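Scope of the values below: all heavy atoms of this structure, side chains included, with no hydrogens, waters or symmetry mates. Please read all numbers here as calculations on a predicted model, not as lab measurements.
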Amino acid sequence: MIVRSTEEITGTERDVAGEGWRSKRIILGGDGVGFSFHETTIDAGTTHEFHYRYHVEAVWLIEGTGSLTDLDNNVTYVLEPGSMYLLDEHERHRLEARTKMRMMCVFNPPVTGQEVHDSSGAYPLVAATIGG
(Lines give C-alpha, C1' and ligand atoms only; values in the text may rest on other atoms or scores of the structure.)
Protein backbone atom coordinates (compact mmCIF):
# COMPACT_ATOMS: atom_id res chain seq x y z
CA MET A 1 0.00 0.00 0.00
CA ILE A 2 1.19 3.50 -0.83
CA VAL A 3 -0.06 6.49 1.16
CA ARG A 4 1.24 9.98 0.34
CA SER A 5 0.06 13.54 0.69
CA THR A 6 0.82 16.47 -1.58
CA GLU A 7 2.07 18.29 1.52
CA GLU A 8 4.83 15.74 2.12
CA ILE A 9 6.09 15.85 -1.47
CA THR A 10 6.08 19.66 -1.71
CA GLY A 11 9.63 20.87 -2.20
CA THR A 12 10.99 17.40 -3.05
CA GLU A 13 12.10 15.96 -6.41
CA ARG A 14 8.43 14.99 -6.96
CA ASP A 15 7.46 18.68 -7.01
CA VAL A 16 8.29 19.94 -10.53
CA ALA A 17 7.50 23.38 -11.95
CA GLY A 18 7.87 25.24 -15.20
CA GLU A 19 6.79 28.65 -16.43
CA GLY A 20 3.13 29.00 -15.38
CA TRP A 21 2.63 25.42 -14.13
CA ARG A 22 3.49 23.11 -11.26
CA SER A 23 3.13 19.33 -11.04
CA LYS A 24 3.24 17.41 -7.78
CA ARG A 25 3.93 13.84 -8.87
CA ILE A 26 2.23 11.69 -6.25
CA ILE A 27 2.59 8.30 -7.96
CA LEU A 28 5.43 7.71 -10.45
CA GLY A 29 6.68 4.94 -12.69
CA GLY A 30 9.10 3.79 -10.01
CA ASP A 31 6.16 2.95 -7.78
CA GLY A 32 5.46 0.04 -10.14
CA VAL A 33 1.69 0.38 -10.53
CA GLY A 34 1.49 1.05 -14.29
CA PHE A 35 0.42 4.71 -14.23
CA SER A 36 1.46 8.01 -12.68
CA PHE A 37 -0.83 10.36 -10.74
CA HIS A 38 -0.21 14.09 -10.40
CA GLU A 39 -1.73 17.21 -8.90
CA THR A 40 -1.10 19.95 -11.47
CA THR A 41 -1.75 23.67 -11.17
CA ILE A 42 -1.85 26.10 -14.08
CA ASP A 43 -1.44 29.79 -13.23
CA ALA A 44 -4.24 32.24 -14.02
CA GLY A 45 -3.82 34.09 -17.30
CA THR A 46 -1.37 31.60 -18.80
CA THR A 47 -1.58 29.57 -21.99
CA HIS A 48 0.22 26.26 -22.59
CA GLU A 49 0.46 23.98 -25.61
CA PHE A 50 1.10 20.28 -25.06
CA HIS A 51 1.32 17.16 -27.19
CA TYR A 52 1.72 13.89 -25.31
CA ARG A 53 2.87 11.72 -28.20
CA TYR A 54 3.86 8.81 -25.94
CA HIS A 55 1.34 9.01 -23.10
CA VAL A 56 -2.42 8.87 -22.63
CA GLU A 57 -3.50 11.50 -20.11
CA ALA A 58 -6.74 11.78 -18.16
CA VAL A 59 -7.41 15.09 -16.39
CA TRP A 60 -10.07 16.05 -13.85
CA LEU A 61 -10.35 19.76 -13.06
CA ILE A 62 -11.19 20.34 -9.40
CA GLU A 63 -10.62 24.11 -9.10
CA GLY A 64 -10.56 27.05 -11.50
CA THR A 65 -11.84 27.86 -14.97
CA GLY A 66 -10.37 27.92 -18.42
CA SER A 67 -10.55 26.33 -21.83
CA LEU A 68 -9.09 23.37 -23.68
CA THR A 69 -8.55 23.57 -27.43
CA ASP A 70 -8.05 20.40 -29.46
CA LEU A 71 -5.48 21.72 -31.95
CA ASP A 72 -5.88 18.70 -34.22
CA ASN A 73 -9.63 19.25 -34.71
CA ASN A 74 -9.99 22.99 -33.92
CA VAL A 75 -12.57 22.43 -31.18
CA THR A 76 -12.57 24.40 -27.91
CA TYR A 77 -14.13 23.20 -24.65
CA VAL A 78 -14.98 25.24 -21.56
CA LEU A 79 -13.37 23.84 -18.41
CA GLU A 80 -14.79 24.34 -14.93
CA PRO A 81 -14.67 22.34 -11.69
CA GLY A 82 -15.89 18.82 -12.40
CA SER A 83 -14.75 18.85 -16.06
CA MET A 84 -12.76 15.83 -17.21
CA TYR A 85 -10.89 15.25 -20.45
CA LEU A 86 -8.99 12.29 -21.83
CA LEU A 87 -6.25 12.63 -24.43
CA ASP A 88 -6.71 9.11 -25.75
CA GLU A 89 -5.52 9.84 -29.28
CA HIS A 90 -2.47 11.92 -28.34
CA GLU A 91 -4.17 15.17 -29.38
CA ARG A 92 -2.13 18.34 -29.56
CA HIS A 93 -3.90 20.73 -27.20
CA ARG A 94 -3.85 24.19 -25.68
CA LEU A 95 -4.87 25.02 -22.11
CA GLU A 96 -5.84 28.58 -21.27
CA ALA A 97 -6.38 29.33 -17.59
CA ARG A 98 -8.79 32.17 -16.82
CA THR A 99 -8.29 31.55 -13.11
CA LYS A 100 -5.76 29.34 -11.37
CA MET A 101 -6.64 25.77 -12.33
CA ARG A 102 -5.94 22.77 -10.09
CA MET A 103 -6.34 19.36 -11.64
CA MET A 104 -5.62 15.70 -10.97
CA CYS A 105 -3.88 13.93 -13.85
CA VAL A 106 -3.17 10.29 -14.68
CA PHE A 107 -0.52 9.28 -17.25
CA ASN A 108 -0.14 5.92 -18.93
CA PRO A 109 2.56 4.81 -19.36
CA PRO A 110 3.71 6.42 -16.13
CA VAL A 111 6.23 9.22 -16.06
CA THR A 112 9.36 8.85 -13.95
CA GLY A 113 9.03 12.28 -12.35
CA GLN A 114 11.96 14.11 -13.89
CA GLU A 115 10.55 14.68 -17.39
CA VAL A 116 10.11 18.20 -18.67
CA HIS A 117 8.12 19.24 -21.71
CA ASP A 118 10.19 19.30 -24.88
CA SER A 119 9.78 21.97 -27.59
CA SER A 120 6.64 20.22 -28.92
CA GLY A 121 5.04 20.09 -25.47
CA ALA A 122 5.62 16.34 -25.08
CA TYR A 123 7.22 14.36 -22.30
CA PRO A 124 9.85 11.92 -23.58
CA LEU A 125 9.13 8.24 -23.10
CA VAL A 126 11.46 7.14 -20.29
CA ALA A 127 11.47 3.67 -18.75
CA ALA A 128 10.98 3.77 -15.00
CA THR A 129 13.14 1.90 -12.54
CA ILE A 130 10.76 0.12 -10.18
CA GLY A 131 11.37 1.15 -6.61
CA GLY A 132 13.45 4.12 -7.78
Side-chain angles (χ1 to χ4, degrees):
M1 179 181 298
I2 298 171
V3 177
R4 291 192 182 109
S5 72
T6 53
E7 182 178 327
E8 74 185 71
I9 65 172
T10 299
T12 72
E13 68 281 351
R14 290 178 177 261
D15 186 4
V16 180
E19 189 173 334
W21 63 270
R22 182 178 188 178
S23 179
K24 294 183 181 183
R25 283 114 188 241
I26 302 161
I27 301 295
L28 291 170
D31 292 315
V33 297
F35 63 90
S36 57
F37 182 65
H38 315 194
E39 176 192 60
T40 300
T41 54
I42 306 289
D43 292 344
T46 62
T47 299
H48 307 271
E49 289 191 12
F50 303 113
H51 181 202
Y52 298 120
R53 295 179 295 199
Y54 312 110
H55 300 85
V56 171
E57 182 190 26
V59 177
W60 180 41
L61 182 64
I62 54 178
E63 290 179 19
T65 59
S67 63
L68 168 72
T69 301
D70 176 343
L71 297 173
D72 293 330
N73 299 299
N74 199 30
V75 177
T76 299
Y77 304 89
V78 173
L79 299 177
E80 56 190 21
S83 298
M84 183 273 182
Y85 62 90
L86 178 67
L87 302 167
D88 60 336
E89 295 187 16
H90 309 285
E91 296 89 349
R92 293 178 311 111
H93 59 288
R94 178 185 310 119
L95 281 173
E96 296 181 63
R98 282 194 288 280
T99 63
K100 181 179 178 180
M101 295 175 17
R102 187 166 68 100
M103 52 198 71
M104 305 308 289
C105 308
V106 175
F107 282 86
N108 184 21
V111 300
T112 65
Q114 297 306 307
E115 293 89 348
V116 293
H117 299 283
D118 67 18
S119 61
S120 74
Y123 284 143
L125 186 57
V126 178
T129 302
I130 305 302

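For residues 81-92, every residue pair satisfying the side-chain hydrogen bond (donor to acceptor under 3.5 Å, both in side chains) rule, not counting sequence neighbours, is listed here: Asp72-Arg92.
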Would you tabulate the side-chain donor-acceptor contacts of residues 98-111 under 3.5 Å, counting partners in other chains and residues two or more places apart, or write 'none'?
| unit_1 | atom_1 | unit_2 | atom_2 | d |
| --- | --- | --- | --- | --- |
| Arg98 | NH2 | Gly66 | O | 3.3 |
| Thr99 | OG1 | Thr65 | N | 2.8 |
| Thr99 | OG1 | Thr65 | OG1 | 3.3 |
| Arg102 | NE | Glu63 | OE2 | 3.2 |
| Arg102 | NH1 | Glu39 | OE2 | 2.6 |
| Arg102 | NH2 | Glu63 | OE2 | 2.8 |

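The side-chain contact (heavy atoms from CB on, under 4.5 Å) check on Asn73 picks up Asp70, Val75, with sequence neighbours excluded. When the side chain to side chain donor-acceptor pair (under 3.5 Å) test is applied to His93, no partner is found at least two apart in sequence or on another chain. Taking the salt bridge (Lys or Arg N to Asp or Glu O under 4.0 Å) definition, one finds that Asp15 meets it with Arg22, sequence neighbours left out. Every residue two or more places apart in sequence or in another chain was checked for a side chain to side chain donor-acceptor pair (under 3.5 Å) with Thr47, and none qualifies. With sequence neighbours excluded, the residues that form a side chain to side chain donor-acceptor pair (under 3.5 Å) with Thr69 are Thr76. A search for side chain to side chain donor-acceptor pair (under 3.5 Å) contacts involving Thr6 returns nothing, not counting sequence neighbours.
One finds the OG1 atom of Thr46 at 11.5 Å from the CH2 atom of Trp21 (value rounded to the nearest 0.5 Å). The distance from atom NZ of Lys24 to atom CD1 of Ile9, rounded to the nearest 0.5 Å, is 7.0 Å. From Tyr77, atom OH reaches atom CG of Leu79 across 10.5 Å, with rounding to the nearest 0.5 Å. Remark: Asp31 CG to Arg4 CZ distance equals 4.0 Å, nearest 0.5 Å. Atom-to-atom distance recorded for Leu68:CG and Leu87:CG is 7.0 Å, nearest 0.5 angstrom.
Cluster partners of Val3, using a side-chain heavy-atom cutoff of under 4.5 Å among ILVMFWY residues and allowing indirect links, are Met1.
Using cut-offs of 30° and 60° for the angle between ring planes, the Phe50 and His48 rings count as parallel.
Without hydrogens or angle criteria, Arg14 side chain to Ile26 main chain gives a donor-acceptor distance under 3.5 Å.
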- Apply side chain to side chain contact (heavy atoms under 4.5 Å, CB included) to the pair Leu61 and Val59, showing each step before the final yes or no. CA-CA 6 Å; Leu61 182 64; Val59 177; 5.6 Å; no
- List the steps and the verdict of side-chain hydrogen bond (donor to acceptor under 3.5 Å, both in side chains) for Ser23 and Arg25. CA-CA 6 Å; Ser23 179; Arg25 283 114 188 241; 2.9 Å; yes
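In terms of heavy-atom proximity, Ser36 sits nearest to Leu28 at CB-CA, 4.0 Å.
Under the 4.5 Å side-chain heavy-atom criterion for grouping Ile, Leu, Val, Met, Phe, Trp and Tyr, Tyr52 is connected to Val16 within one hydrophobic cluster. Hydrophobic clustering (side-chain heavy atoms under 4.5 Å, transitive across Ile, Leu, Val, Met, Phe, Trp, Tyr) groups Phe35 together with Ile2.
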